[in-house]
Number of protein chains: 2
Amino acid sequence: MSLPHAILTALLEKPSSGLELTRRFDLSIGYFWSATHQQIYRELGKLERAGLIRALPSEQTTRGQKKRYEVLPGGRAELSRWTAEGQDPKPMRDALLLRLRAAAVVGTDGIGADLRRHLELHRDRLAEYEEIERRDFPPGLDAVEDRLRHAVLRAGIDLETFWTRWLARTLEDLSGDLAEDTADLAEGRAES
Amino acid sequence: MSLPHAILTALLEKPSSGLELTRRFDLSIGYFWSATHQQIYRELGKLERAGLIRALPSEQTTRGQKKRYEVLPGGRAELSRWTAEGQDPKPMRDALLLRLRAAAVVGTDGIGADLRRHLELHRDRLAEYEEIERRDFPPGLDAVEDRLRHAVLRAGIDLETFWTRWLARTLEDLSGDLAEDTADLAEGRAES
DNA sequence: CTGGACATGTAAACGGTTACATGATTAT
DNA sequence: ATAATCATGTAACCGTTTACATGTCCAG
């Protein structure tokens, strides 16, 4: 159960409305904890009922109108509690690895194209992270908070680096076995 | 929707009962797609009703008795279809990174201990994978299926390598800021 | 005053998790 | 006989996903 704590963190960084939170999740927090707007609205409701956050007094309450939330002392305490408490890492789930394993049984059709697609996506994501690092983390930033945020970003960078390297190597490794690709190409040419 | 395909792959590798599948998920497939026995029984029921697998004719049907399944042609076709079709990678979800980000707002209490715990777990997992590589992938294995399975294992090894390195570096990086650890130690000594 | 973007919300379906129930098999 | 273990299954709950509904605000 981490979504409420992701929201509390985001709200402590800056009081926001539901949609604003959704956008911020798409940009930064969502890089390692994604959420849709429905999840966020539902959770905001729960957090408010639990007395951990409240709508800023000035905001209206009717549907369709902006409602900005801020964290109450109880919410900060709950986030502290959760942050300090250890949690076991959840087992990973990666459909691409599963597909590779299935391909060992039913054949590699389509695998090459998908590996290349993933490689591109991870390269783009990596470039994006490196840009953020250049922009937001100039050398000489020493505060603990900066070091923590930088460590998180570095995890993203290292992870994407791992994926791009592994995908490139795997493509090379299987290059001889993925004959379907040139076949696709020839077919595409013939049809166009 | 990958669980049914994980099960089809496992059953093609070897016809099995529900519990046997559960154990095999704990050992190998579960390294990148975990599942509990309840998920597996429910999914076996669905797959059987859909005509993609069937219980081996010899097996009994009463409760509490072993029931071994095999994949039918339709099941193999469905797995082929799913394997060939591309899928977007799901956004990652990592609670540890979320906690680090929360720690930047509410303080680093407890973070050091948890980082060390994760480091140990990932080191163990890495050693386990390297042992499997030594045992199951001697040099000179050339069949496509071996190369595919080896690529999957290598992804696991590289991922755990990434985590151990990142955790070690992050601990070093924050060593000055995680004063709570020595405090914990002193407290522990005083109380014992 | 209308259409489009913004903003919040409801509902249903699905998958994963946890707790528990029940039957069969085996060793003592 | 009985307890432990193996094996299958039911049920309730929770979080996530998807589709849709509704209201507000602003530009043309």
Side-chain angles (χ1 to χ4, degrees), chain A residues 1-8 10-11 15-26 29-30 32-50 53-56 58-69 82 87-95 98, chain B residues 1-8 10-11 15-26 29-30 32-50 53-56 58-69 82 87-95 98:
Chain A
M1 253 236 332
S2 305
L3 178 57
H5 303 98
I7 291 177
L8 287 172
L11 284 181
S16 310
S17 68
L19 250 216
E20 281 166 356
L21 279 176
T22 305
R23 298 225 179 81
R24 290 174 57 204
F25 266 72
D26 286 345
I29 290 191
F32 48 87
W33 202 276
S34 65
T36 62
H37 73 108
Q38 292 87 342
Q39 278 177 278
I40 288 171
Y41 283 122
R42 187 144 42 95
E43 204 62 45
L44 283 171
K46 274 196 215 168
L47 288 168
E48 189 175 28
R49 264 174 270 129
I53 65 175
R54 68 163 181 188
L56 288 184
S58 62
E59 321 283 339
Q60 308 302 321
T61 48
T62 67
R63 195 182 185 123
Q65 256 174 161
K66 224 186 237 183
K67 203 159 76 176
R68 208 172 254 95
Y69 290 94
W82 178 81
Q87 282 176 223
D88 287 330
K90 290 246 161 162
M92 71 173 286
R93 287 229 166 120
D94 188 289
L98 193 57
Chain B
M1 255 232 334
S2 303
L3 179 55
H5 304 99
I7 291 177
L8 287 171
L11 284 181
S16 311
S17 67
L19 249 215
E20 281 166 357
L21 279 177
T22 305
R23 298 225 179 81
R24 290 174 56 204
F25 266 71
D26 285 345
I29 290 191
F32 47 89
W33 203 276
S34 65
T36 62
H37 73 111
Q38 292 87 343
Q39 279 177 280
I40 288 170
Y41 283 122
R42 187 145 39 98
E43 203 61 45
L44 283 171
K46 275 195 213 168
L47 288 167
E48 190 176 27
R49 265 174 270 129
I53 64 174
R54 67 163 182 190
L56 287 183
S58 63
E59 320 283 339
Q60 309 302 320
T61 49
T62 67
R63 197 186 185 120
Q65 255 174 163
K66 224 187 237 181
K67 204 158 75 174
R68 209 171 253 96
Y69 291 94
W82 178 80
Q87 281 176 225
D88 287 329
K90 292 246 160 162
M92 71 173 289
R93 288 230 166 121
D94 188 289
L98 193 59

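Convention: sequence-line order gives letters A, B, ...; per-chain numbering from 1.
Dashed line: the shortest gap from a side-chain N or O of B:Y41 to OP1 or OP2 of D:dT8 is under 4.0 Å. OP1 or OP2 of D:dA7 has at least one side-chain nitrogen or oxygen of B:R23 nearer than 4.0 Å. Phosphate proximity of C:dT25 to B:K66: absent, as no side-chain N or O sits under 4.0 Å from OP1 or OP2.
The separation between A:H37 atom NE2 and C:dA5 atom P is 16 Å, rounded to whole Å. Distance, A:I7 CD1 to C:dT8 P: 13 Å, rounded to whole Å. Regarding B:L21, its CG atom lies at a distance of 17 Å from the P atom of D:dC6, rounded to whole Å. Rounded to whole angstrom, the span from the CG atom of B:D88 across to the C1' atom of D:dT18 amounts to 16 Å. Going from atom CG of A:L19 over to atom P of D:dT22 covers 19 Å, rounded to whole Å.
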If the sugar-phosphate is the primed atoms plus P, OP1 and OP2 and the base is the rest, what is the B/S/- string for nucleotides 11-17 of chain D, using protein heavy atoms under 4.0 Å?
----SBB

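Qualifying side chain to side chain donor-acceptor pair (under 3.5 Å) partners for A:H37, counting only residues two or more places apart in sequence or in other chains: none. Residues satisfying the ring pair (Phe, Tyr, Trp, His ring centres under 6.0 Å) criterion with B:F32, sequence neighbours excluded, are absent altogether. Checked against salt bridge (Lys or Arg N to Asp or Glu O under 4.0 Å), B:E20 has the following partners two or more places apart in sequence or in another chain: B:K66, B:R68. Legend: residues meeting salt bridge (Lys or Arg N to Asp or Glu O under 4.0 Å) with B:R23, ordered by chain and number and at least two apart, are absent. Every residue two or more places apart in sequence or in another chain that forms a ring pair (Phe, Tyr, Trp, His ring centres under 6.0 Å) with B:W82 is listed here: B:H5.
One distance of note links CG of B:L47 with CD1 of B:I40; it measures 11.0 Å at 0.5 Å rounding.
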